[in-house]
Protein chains: 4
Amino acid sequence: MSTPHKPLVILRADPHPPERIFRPDALARLHDRFTVVEPDTEEALDRALSDAFAVIGQPDLPAERLARAGELRALLNVEGNFFPNVDYDVCFRRGIHVLGCGPAYAQAVAEYALGLALDLARGISREDRAFRAGRERYVSDGNADAVLLRGADVGLIGFGNLGRSLHPLLAPFRPTLRVYDPWLPPAVLREQGLVPATLDETLARSTFVFVLATVTDDSHHLLGERELALLPDGARLVLVSRAPVVDFPALLARVAEGRLLAGIDVWPDEPVTADDPARALEGLVLSAHRAGGIPDAFLSIGDMVVDDLTLLAQGLPPARMQAAARELVGRYRNRPVT
Amino acid sequence: MSTPHKPLVILRADPHPPERIFRPDALARLHDRFTVVEPDTEEALDRALSDAFAVIGQPDLPAERLARAGELRALLNVEGNFFPNVDYDVCFRRGIHVLGCGPAYAQAVAEYALGLALDLARGISREDRAFRAGRERYVSDGNADAVLLRGADVGLIGFGNLGRSLHPLLAPFRPTLRVYDPWLPPAVLREQGLVPATLDETLARSTFVFVLATVTDDSHHLLGERELALLPDGARLVLVSRAPVVDFPALLARVAEGRLLAGIDVWPDEPVTADDPARALEGLVLSAHRAGGIPDAFLSIGDMVVDDLTLLAQGLPPARMQAAARELVGRYRNRPVT
Amino acid sequence: MSTPHKPLVILRADPHPPERIFRPDALARLHDRFTVVEPDTEEALDRALSDAFAVIGQPDLPAERLARAGELRALLNVEGNFFPNVDYDVCFRRGIHVLGCGPAYAQAVAEYALGLALDLARGISREDRAFRAGRERYVSDGNADAVLLRGADVGLIGFGNLGRSLHPLLAPFRPTLRVYDPWLPPAVLREQGLVPATLDETLARSTFVFVLATVTDDSHHLLGERELALLPDGARLVLVSRAPVVDFPALLARVAEGRLLAGIDVWPDEPVTADDPARALEGLVLSAHRAGGIPDAFLSIGDMVVDDLTLLAQGLPPARMQAAARELVGRYRNRPVT
Amino acid sequence: MSTPHKPLVILRADPHPPERIFRPDALARLHDRFTVVEPDTEEALDRALSDAFAVIGQPDLPAERLARAGELRALLNVEGNFFPNVDYDVCFRRGIHVLGCGPAYAQAVAEYALGLALDLARGISREDRAFRAGRERYVSDGNADAVLLRGADVGLIGFGNLGRSLHPLLAPFRPTLRVYDPWLPPAVLREQGLVPATLDETLARSTFVFVLATVTDDSHHLLGERELALLPDGARLVLVSRAPVVDFPALLARVAEGRLLAGIDVWPDEPVTADDPARALEGLVLSAHRAGGIPDAFLSIGDMVVDDLTLLAQGLPPARMQAAARELVGRYRNRPVT
């Protein structure tokens, strides 16, 4: 099926239409260097696998199917999460690269998270609404609770892709940055000028908290009622990673009491029901899972995929996508974004 | 009136009540080191001037009044703008320091301007409003026009206090930063990694434009209809300095056409009339002159005032407030913020 | 041999005595969490391998020996280079982590490289020698060839650990940073504000060149006579990675001609012979393989080792040492540092 | 003498020949915009003063001479220090700008100071000398006292032009930066992430000390025997400002004892005598007043002069040179550099 010189690549980009993640020049580079097949049935996929050098996408790949893919060198996930539909153990044993596109979204999420934090710090969307309603308050009258980010105590819950992208954006504000991440030794944080801290300490001492942790069995409701109660009154919380990390009723209750302001991009059930009382909470900035999925982020996925496939075909390691960690890939409990 | 060791300082902080600009410890330091009088009539002010070492505030000080103030070493303006009610020429000739508190607001304005820019980049307040109205769009559906600030072409109109405070906040986004400032030689900008540019070039090549210029006779309607038409479609404009710099009807027309998104903090007439159509424009983030006047900014004025008075009393130059430039102080056309 | 709860770790740190790479508290942590054995014969090593969770050091581990080590989860190299005495394919197939301590040296090398560059820019060691000989030249007299690093054209040959550590140290000088690294796609460099370039372009346009590449079959004499001739006259070259990357006779000839200044830390044969003419070249800063091996760097190896072993024992991926790339580990042609 | 449109500028650049401080294009700009006279006698100077808009250089300007210069708007000192040969009081009273070219040298001095610090941290020039003498020590053998700058405790004595230029170069090393500067309130330092400290605390807690203070009556022997004894053993001291700030015999004694390493660019008497024992001290990096006077620094003086004259002629304030502070200009005790 493939020519001798062009390795075979299977393209199964759904849920993305290919043009969402590939710029024209990336698609041209892909076709120039690889034989690309887009199997539209499971049988066609099975057939293509036997010669495949790589799979772009996240089709089901149990052990028996992988057994058939003797030439496979890489899986390039373009959805952003790793799901349990792949036998990752087999991949790691065979040295098949398991690559994720998380870095493609990280800058978009980081910029959005900073935008939410500045909105919460200064009441930007709240006062825009008031202005539209003819209730605007000039100069200092609407600024009673406004605070600077400069010099603030800031907590990061989780320090993976998102934290690493957010960190440089926060740096010029010279915050004290406390980080809770149980997967990282303190030295990794200290070397970057961050303060390693327990979850409780991070929450208790932070005026701004960014929730950046992914979902595992361990992080479900990591921020429960007890933990949220540790936050100082008037704190600002930004949630841009995964909803199950936070106990939503506890979070919304605290916002309703006026003790917390929160910018929320992910929700336990999406779409949110029409009568969800969150829709009317003044202390929220409401966002519909919009932090990462912007055109530029999607298109950078294709660039990364083609760059890394090109390296792999040259016998070099991938350099742009993120290698899944053998120890972690089975722990994630994310659901597909729909 | 003053003791031999404590220089006399006149405190006339209006429009601020003193407690808005002085933290308790700053006020304590002030009274500890200086004899402070708060004249409540013009006659009392006249009397106090004869021994005054410094004036905190911006009372009328024409030449004849200054003539009476033979010991005067400094005027410390706490309003943020210089008005034509002082004979600055006399001050400069006598070596009286004329100091402004602009730097106290600069960080607050810079953080706010960045917040507005990120809101415009990602539709944060627009989609919050939609969410509250039950019209939210999930993931990519509401992101069609969302853009990154990273790597963007960014223009700064004016590079004074505000520009210098905003610059480090923008730096980690690695933008191309074009600056139009006719008061600065290109080398000053280049040394900081900025690209000096004409006004037209700055506008024509920038996706994000921050209007940071103050008002003079030269900068009135600096951004008129012709200039605004240079902006690329889909540009984002942040206005946080002074309204007269921009031709508002032209600006709002362009937003209404969907060719420009704008975050506006200052308005030609404040309060804005109830029926101003700007209140209903989807492409705006509306803000009621809130960028600078936050509690932390006000309180830093008092810190600066006491720090600089202390230096002056030691025979040292001031180090925190901004010395007015002899050549510029008469050019400003700002009105008091009320 | 091991207790049920403490995984067995083999410690074979040579060429380092353990106290060089382990601070007392790191050694205490190691012994607290692991059963540590230090086999002094090959037989003892063989016996220990059967229960070993990890090996600290770089003993010979051919396939047959690895076959005996059924529990092995990680090899933690503490020498800085990967040698061909391990069957890496077996390791990768079995998911044994192959970890290197290169990051421990990177900061030390980066600081040293910057020190050499500033010395070459300003003639620090040359003029110190002149001063000691009574031939010092005051103020501008000795500065005819002195140049700033600020705003300079700087080239990096290779962008691995060393380049990533040097980059932030160079950033405040606002150089134009061209990078030649054939293992990285251009986007990786562009995202960091670097200019991807060919080798020839990097050399031809750089006033300062840092040679940071490791040795492979491809990089032997990467900088030969032809390439060195591309450098502008008066360029400064810093060599801190591996000597075989450069054609030394061509390099020294160019320095002798007065067309190049060079700081050299690594030499084709060490120790350098007593009569090597390089010892007398005025245009050199001579250094005896000292860039990385400082006490702080050695001691950070132990910290990294214990941190990563601790993570691995918790079922988490390592976070401090550098995972060897399957595609690269067999390409290195470094020799042990003695 | 001058045309109606071209203001008259007196050029008296000595000790610099004009071509040292003016690039051809700067000189062309100067002549294009101004009528330039270069009076070669005091009488010619007197005559020229009567119409002069500005003086480039530092001729004697006592009150009686200034009285003759009724049009004078600016003195542009191109030597780097302010001397007592000008009646500064008259200048300030008349609003004549008194501008210094200190900023032209600051980057050169900052880069040099960092180079000296890295040399002292790692023994670069010491080991280069050993290598040339056939006594080089490989790898760790010569590194027993080598330390990182990363994370170090660093003290700055004085935080003027030099400190502000050095600060960003040190920032990526993430040091703890203590600063002693009695002319600055603590808030100025804290806002930049620096730790304000007393002189004793700065010395006692710093591994690296940069002496950046200028000479006044107060700073003569600021670092005397008592103060130097506060430094921790093994500290590194860099002296690049003025020799009288330090008690040299005490400094050299401490270096001779092996308790201090020092990089010294300025000396109590220059040239240093041939038999000065400092020439043989192993713990020194010896430098002959070379930190600032490099070609690029000299040439930037001319750029600054022309840029600021151009602004002044447009009725704008200068933006590149440094305005002398009325309170300080009479305190300096620098001598001309010859």
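Excluded from the calculations below are hydrogen atoms, water molecules and symmetry mates; all remaining heavy atoms, backbone and side chain alike, are included. In the text below, chain A, chain B and the rest are named by the order of the sequence lines, each starting its count at 1.
- Annotation: side chain of C:Val78 is in contact with side chain of C:Gln58 (closest heavy-atom distance under 4.5 Å).
- Only the backbone of C:Pro182 has a heavy atom closer than 4.5 Å to any heavy atom of chain A.
- Residue contact with chain C, scored on non-hydrogen atoms closer than 4.5 Å, involves the backbone of A:Arg94 exclusively.
- Within the 4.5 Å cutoff, the side chain of A:Val188 has no heavy atoms near those of the C:Asp307 side chain.
- For C:Gln107, no part lies under 4.5 angstrom from a heavy atom of chain A.
- Sorted by first and then second residue, the side chain to side chain donor-acceptor pair (under 3.5 Å) pairs with a member in residues 309-319 of chain C read C:Arg33-C:Thr310; sequence neighbours excluded.
- Ranked by heavy-atom pairs under 4.5 Å with chain C, the list A:Gly315, A:Ala319, A:Ala187, A:Pro317 is led by A:Pro317.
- The aromatic rings of C:Phe34 and C:Phe53 sit parallel, their planes meeting at an angle under 30°, below the 60° perpendicular limit.
- Side chains of A:Asn77 and A:Glu79: no donor on one and acceptor on the other come within 3.5 Å.
- For A:Leu311, the part lying under 4.5 angstrom from a heavy atom of chain C is the side chain only.
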